[in-house]
Visitor: 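Below is the structure I would like to discuss, written out as structure tokens.
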Amino acid sequence: MPISLSALTPVKAATATHCPYCALQCGMSVAVDETVTITPRKDIPANAGGLCQKGWTAGELLTSGDRLTTPLLYGEPVGWDEALDFVAARIRAVQEEHGPNGVAVFGGGGLTNEKAYQLGKFARMVLRTSQIDYNGRFCMSSAAAAANRAFGMDRGLPFPITDLAGADAVLIAGGNVAETMPPFVRHLTAMRDRGGRLVVIDPRVTATARQADLHLQPAPGTDLALALGLLHIVIAEGHVDEDYVAGRTSGFDGVRTSAAAWWPERVERITGVPVARMRLAAEILADAGRAVILTGRGAEQHAKGTDTVSAFINLALALGLPGREGSGYGCVTGQGNGQGGREHGQKADQLPGYRRIDDPAARAHVAAVWGIAPEDLPGPGRSAYELLDALGTAAGPRALLLFGSNPVISAPRAGHVTGRLRSLDLLVVSDLVMSETAALADVVFPTTQWAEESGTMTNLEGRVLLRRQAAAPPPGVRSDLEILRGLAVRLRGAEGFPADPREVFDELRRASAGGIADYAGITYERIAAETGVFWPCPAEDHPGTPRPFLDRFATPDGRARFVPVEHRPPEEDIDRDYPLYLTTGRVLAHYQSGAQTRRIAALNAVAPEVFVELHPDLAERLEVAPGDLLRVVGRRGAAEGVARVTPAIRPDTVFMPFHWAGANLLTNPALDPVSRMPEFKVCAVKLERVG
């Protein structure tokens, strides 16, 4: 039964807030009366009055009949005290038998900064466990690792998104922003209207690629070779900004030497991209007065994702782009709080302020804020997939608390992960709907959603934004902050776990002070007055930092670092038994695992089912017609989908969206050695007709 609007008491007639989905965090106003009315805001530069289908329909989830409104214990409704008491008792029992690391925590890139911070604090201060990571590991981790080693700092876009409109050229490697975050495209359109040129690298002719002036269509898993080939051309044809390289960087000689081996004809044989098109792409970038290179998940979600991003950063540095106004390198962040979600402590190796958990000074600072001894803080834990893979094993956690994630759908090798979740002694899920993962849980906590709570989000520019509460939650629903407070009190009688997000944010400011992601000078009042504040912002009279690299990079010597890298094949290449590449991604109507968007009728009408995209030549060879049911078979499982025949994909490649159960039954959990990113974007499969 849908939730009555009378239960959604409006805080005021129209509340300025932000969309619950992607990392643009589009500004919107929400009014709750007899209906939920959403109006795009014009004062937020990321969307400037625009919204996509997901934003326009976000209000429907507020009244969905699929909302959870009471705690569930083994599927039966119970009171909050009973549910919290049960979880606390089971945690105690597990830790008595298996130690602190017997309990793990898994978070999400859509949680507010306050919830991400409190989740990390709860894991380390109350549970004393090192076993915490989050689904953002599956999002930006490769780009973050590459940016950290090149620039000494990771911020998705180290410049305002509005800089794109003033560029003369933009290259997007592995990003389909026209479907994943449509309001982003307005900045590219403004750039092209000025005469700028757009280059897109993608194995598919996506909605973004169709708008490009030049589309390079490499084989999946070969983006690194392509980036090396572009750098080779830039060097060979004299396009290197030698003064910039000498004055603002280090390590170019090693990169120059390694790039020499990647002549264009060799790269063409590996990638399938014609030499002439590579040369044109290099020329477009080199001739631009201002140019931006962006990477997305298509280039990053590989077992060599960090090196692939490093190769594109090397290309940007050789051209003299980073640290110049209107130019640079950036990552197109995916999840709503993919940036802030990893800055404040829910990542296995980090403490608030983007501090390393193995840094003694960082440990001392955070411990002082929390009122504990530094030695009481655990060390680094397992990364996301490694954590999920260890669940229920002899050496792994026996209990898991999961907030804001749905790994049954979103994790690689999802069938195996589902088995690991089933093997646990205790699985606790906090969610607003009965996701596929929540359906496996021993205890499910019903939690508030975006319009029913306040908190901050940090968008892809590093701009900290304020999400204001627009409506009261349904009776029986609590926020994640209230849930963590309830457990903290029961487990340790712990103080310091307020449910008021403003109180949590004020502590976050102190904990982040002096760190790379310094929020000390950011207040709710400033965010409201300035429509967002860029970090780092170390003091309340500091203006914030929209472009952090103009004077120096965040490395010890202030120079950006070139990193030599070499191409290597996918961890699982095609062969006689599995002759096709599978790549995965999003569609316009849905978001992440689809747990929310698949419950919105208007979005389901646009994209009602999983499909398999294949080239007409492949379809003819296999005698497949559009609409046929296909089985995609790989080494880890099989999935079914409806055939969608299109020349927009390479003949050696098939595509499946990952919003439904299916695609991630096939994907490869091989991990990047630096970022621990799984190889979502390429694995070997074969196709079979069903029936």
Visitor: Would you say the side-chain atoms of Gln95 pair up with the backbone N or O of Pro100, donor to acceptor, closer than 3.5 Å?
Guide: yes
Visitor: Are any of the side-chain nitrogens in Asp500 or Arg502 under 4.0 Å away from the carboxylate oxygens of its partner?
Guide: no
Visitor: How would you list all residue pairs meeting salt bridge (Lys or Arg N to Asp or Glu O under 4.0 Å) that involve residues 384-401, not counting sequence neighbours?
Guide: Glu386-Arg676, Arg398-Asp425
Visitor: Work out which heavy atom in Pro412 is nearest to a heavy atom in Phe138; give both atom names and the distance.
Guide: CD-CZ, 4.0 Å
Visitor: Just wondering, do Arg467 and Gln25 contact through their side chains at under 4.5 Å, heavy atoms?
Guide: yes
Visitor: What residues form a side-chain hydrogen bond (donor to acceptor under 3.5 Å, both in side chains) with Trp370, not counting sequence neighbours?
Guide: Tyr117
Visitor: I'd like to know if the side chain of Arg492 reaches the main chain of Leu127, judged simply by a donor and an acceptor atom lying under 3.5 Å from each other, with no hydrogens or angles considered.
Guide: no
Visitor: Under the side-chain contact (heavy atoms from CB on, under 4.5 Å) criterion, do Leu401 and Ile91 qualify, and how do the steps go?
Guide: CA-CA 10 Å; Leu401 308 183; Ile91 287 173; 4.0 Å; yes
Visitor: Ignoring hydrogens and geometry, is there a side-chain-to-backbone donor-acceptor pair from Ser142 to Ser675 under 3.5 Å?
Guide: no
Visitor: Within a strict 4.5 Å, meaning less than it, do heavy atoms of the Thr456 and Leu508 side chains meet?
Guide: no
Visitor: Just by distance, do the side chain of Glu300 and the backbone of Met140 share a donor-acceptor pair under 3.5 Å?
Guide: no
Visitor: Write out all pairs satisfying salt bridge (Lys or Arg N to Asp or Glu O under 4.0 Å) with one or both partners inside residues 127-143, taking only residues at least two apart or from two chains.
Guide: Asp133-Arg137
Visitor: Can you find a heavy atom in the side chain of Val682 that is under 4.5 Å from one in the side chain of Thr583?
Guide: no
Visitor: Would you please name every residue forming a side-chain hydrogen bond (donor to acceptor under 3.5 Å, both in side chains) with Arg92, sequence neighbours left out?
Guide: none
Visitor: Between Arg478 and Ile483, is there a donor-acceptor pair closer than 3.5 Å when you use the side chain of the first and the backbone of the second?
Guide: no
Visitor: Does any pair with a residue in residues 107-123 pass salt bridge (Lys or Arg N to Asp or Glu O under 4.0 Å), and if so which ones, sequence neighbours excluded?
Guide: Lys115-Glu453, Lys115-Asp480, Lys121-Glu507
Visitor: Can you confirm whether Leu421 sits close enough to Thr437 that some side-chain heavy atom of one is under 4.5 Å from a side-chain heavy atom of the other?
Guide: yes
Visitor: Given Leu391 and Leu427, is the side-chain contact (heavy atoms from CB on, under 4.5 Å) satisfied, shown in steps?
Guide: CA-CA 10 Å; Leu391 294 175; Leu427 175 60; over 6 Å; no
Visitor: Could you list the residues that satisfy salt bridge (Lys or Arg N to Asp or Glu O under 4.0 Å) with Arg636, not counting sequence neighbours?
Guide: Glu572
Visitor: Quick one: ring pair (Phe, Tyr, Trp, His ring centres under 6.0 Å) pairs with a partner in residues 400-449, sequence neighbours left out?
Guide: Trp80-Phe445
Visitor: For Arg155 and Gln339, test the side chains for any donor-to-acceptor distance below 3.5 angstrom and give the result as yes or no.
Guide: no
Visitor: Indicate whether the side chain of Gln335 and that of Asn135 have a donor and an acceptor atom separated by less than 3.5 Å.
Guide: yes
Visitor: By the salt bridge (Lys or Arg N to Asp or Glu O under 4.0 Å) test, which pairs, at least two apart or in different chains, include something from residues 601-611?
Guide: none
Visitor: Hey, mind stepping through Val408 and Val417 against side-chain contact (heavy atoms from CB on, under 4.5 Å) and telling me if it holds?
Guide: CA-CA 7 Å; Val408 166; Val417 169; 5.9 Å; no
Visitor: Which residues pass the side-chain hydrogen bond (donor to acceptor under 3.5 Å, both in side chains) test with Ser130, sequence neighbours left out?
Guide: Asn101
Visitor: Decide yes or no for Leu481 and Pro501: does some side-chain heavy atom of the first lie under 4.5 Å from some side-chain heavy atom of the second?
Guide: yes
Visitor: Ignoring hydrogens and geometry, is there a side-chain-to-backbone donor-acceptor pair from Arg355 to Ala511 under 3.5 Å?
Guide: yes
Visitor: Between Lys681 and Thr584, is there a side-chain heavy-atom distance shorter than 4.5 Å?
Guide: yes
Visitor: Any heavy-atom pair between the side chains of Gln596 and His590 that's under 4.5 Å?
Guide: no
Visitor: Please determine which of Leu68, Leu432, Thr448 meets the side chain to side chain contact (heavy atoms under 4.5 Å, CB included) test together with Val477.
Guide: Thr448
Visitor: Could you give all pairs that pass the side chain to side chain donor-acceptor pair (under 3.5 Å) test and reach residues 655-665, with sequence neighbours left out?
Guide: Asn664-Thr667
Visitor: Using a 4.5 Å cut-off on heavy atoms from C-beta on, say whether the side chain of Tyr74 contacts that of Asp442.
Guide: yes
Visitor: Checking the side chain of Thr129 only, and the main-chain atoms of Val103 only, is there a donor and an acceptor separated by less than 3.5 Å?
Guide: yes
Visitor: Please name the residue in the list Tyr354, Tyr519, Tyr134, Trp535 that meets the ring pair (Phe, Tyr, Trp, His ring centres under 6.0 Å) test with His344.
Guide: Tyr519
Visitor: Out of curiosity, Arg363 CZ to Leu351 CG, how far, rounded to the nearest 0.5 Å?
Guide: 7.0 Å
Visitor: Any donor-acceptor pair under 3.5 Å linking the side-chain atoms of Arg420 with those of Ser423?
Guide: yes
Visitor: List for me each residue that meets salt bridge (Lys or Arg N to Asp or Glu O under 4.0 Å) alongside Arg422, sequence neighbours excluded, and say none if there are none.
Guide: none
Visitor: Does the Glu571 side chain pair with the main chain of Glu679, one donor and one acceptor, at a distance under 3.5 Å?
Guide: no
Visitor: Judged by atom type as modelled, is there a donor-acceptor pair below 3.5 Å linking the side chain of Arg342 to the main-chain atoms of Gly109?
Guide: no
Visitor: If we ignore hydrogens and angles and just use 3.5 Å, is the side chain of Ser430 paired with the main-chain N or O of Thr447 as donor and acceptor?
Guide: no
Visitor: Please, which pairs that meet ring pair (Phe, Tyr, Trp, His ring centres under 6.0 Å) have at least one residue in residues 480-512, sequence neighbours excluded?
Guide: Phe505-Tyr524
